[in-house]
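Here's the structure, in structure tokens; my notes come after.
We count ligands from 1, going down the list as the structure has it; atoms in each ligand are counted the same way.
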Amino acid sequence: VKSYDAVIVGGGIIGGSIAFELAQHGLRVALLDRQQPGLEASWAAAGMLVPGPESPESAALVPLARESFALYPAYVAAVEEASGKTVEFRIGATLHVFGGVHAEQTPEAIPALLAQHGVPAKALTPEEARRLEPGLNPNAKSVLLLREEGRVDARSLTAAVLSAASQKGVEILAETSVEALVIEKKHCVGVTAHGEKMPAGRVVLAAGCYCETIAGAEGYAPTRPVRGQMIALRPAEGRIRHVLRGEHGYLVPREDGRVLAGSTSEDAGFEKRVTPGGLQQILRAAVELVPRLESAAVVETWSGLRPDTPDHLPILGPTDIDGLLVATGHYRNGILLAPVTAKLVGEWMREEEPSLDARAFNPLRFLQKKMQAGG
Ligand code: GLY
């Protein structure tokens, strides 16, 4: 039986980025996926890179998100170099649109929240915004220009990350569903898959919403799937140049002219069906943002399962079981947070002081809550 310095459970962008990072530091790494890697939440993501807070609840994420955004250009360059693949990655302004035709009032909370976190945002009149993005709904009440955002093609990035990891010697084991952690005297010494033990110096849980299905992981990684449906559109005329976010949905342009429209947030278990109700909601929001999309071609529909957590924040760090680390629960931000997550896990593995305060994401926080509740 082969032994690894690290076994990473979950072959999405998070697991792949961690594997790539660890292999670059000379570790023998195996990356395990329950099916073919890279085909779950990372494959479904729109690839918006939003370092600022989207809501007051997500404000705790800002330092982590900002650091990851800053790491992105070097991360993509390293992945491209190691994989020999190119990835569509752009830094550019987003237009946050308030008060579409159906909206009653402009929420003041978002500009205030952005100001509080020092996110540069410029208020534009609808006319100014339409000079930047001529297709925008003329009924938009106000628009914020957020210069420091970005977008990336999540599918090609994830494929390139996996290929970069493989080039650096990571062993990628597909169709390898992990059933349990192997824990001996408060020390995690490996995992079991297909009923067989796979020994490892360290185990990193990065299996997104599937973490909770792994025996021994429940208390540390209580993730839950939140379905997001998506639609790819090809406009009949005119290109969309900016990421557009509205109150009911978002549009993310691609260099090939397609526009990704999202998304729903549904509690549907592990069911990945695309539904008429979901598509209707996304299309309504898309057409509200850019009315001429009414005549676009629908070229693809799909859905993915975001790994949500009880407090909607990621779960990152070592645990009270020696050798067990968690890096999951990135919910709506897995693509953005991949570089910083990989960096932090590398630091924890080498037992260095983490370069960022990650205490808010401590995997023990749910265990403590359970105990306080008398469980
Ligand atoms: N980050 C976009 C979404 O979760 O739909």
Worksheet, complete the sentence: Residue, atom and distance of the protein heavy atom nearest atom 1 (N) of ligand 1 read R332 O, 2.9 Å
Discussion item. Applying a strict under-4.5 Å side-chain criterion to I, L, V, M, F, W and Y, I'd like to know whether I214 and Y220 cluster together.
Written reply: yes
Response to the item:
Residue, atom and distance of the protein heavy atom nearest atom 2 (C) of ligand 1 read Y250 OH, 3.4 Å
Worksheet item: Who's the nearest protein heavy-atom neighbour of atom 4 (O) of ligand 1, and how far?
Response: R306 NE, 2.6 Å
Worksheet item: Which ligand 1 atoms are under 4.0 Å away from a heavy-atom of S263?
Response: 5 (O)
Worksheet item: Can you check whether I14 reaches T328 side chain to side chain, under 4.5 Å on heavy atoms?
Response: no
Worksheet item: Do the side chain of E179 and the main chain of G195 share a donor and acceptor less than 3.5 angstrom apart?
Response: yes
Discussion item. Is it true that Q229 and T301 share a donor-acceptor pair across their side chains at a distance under 3.5 Å?
Written reply: no
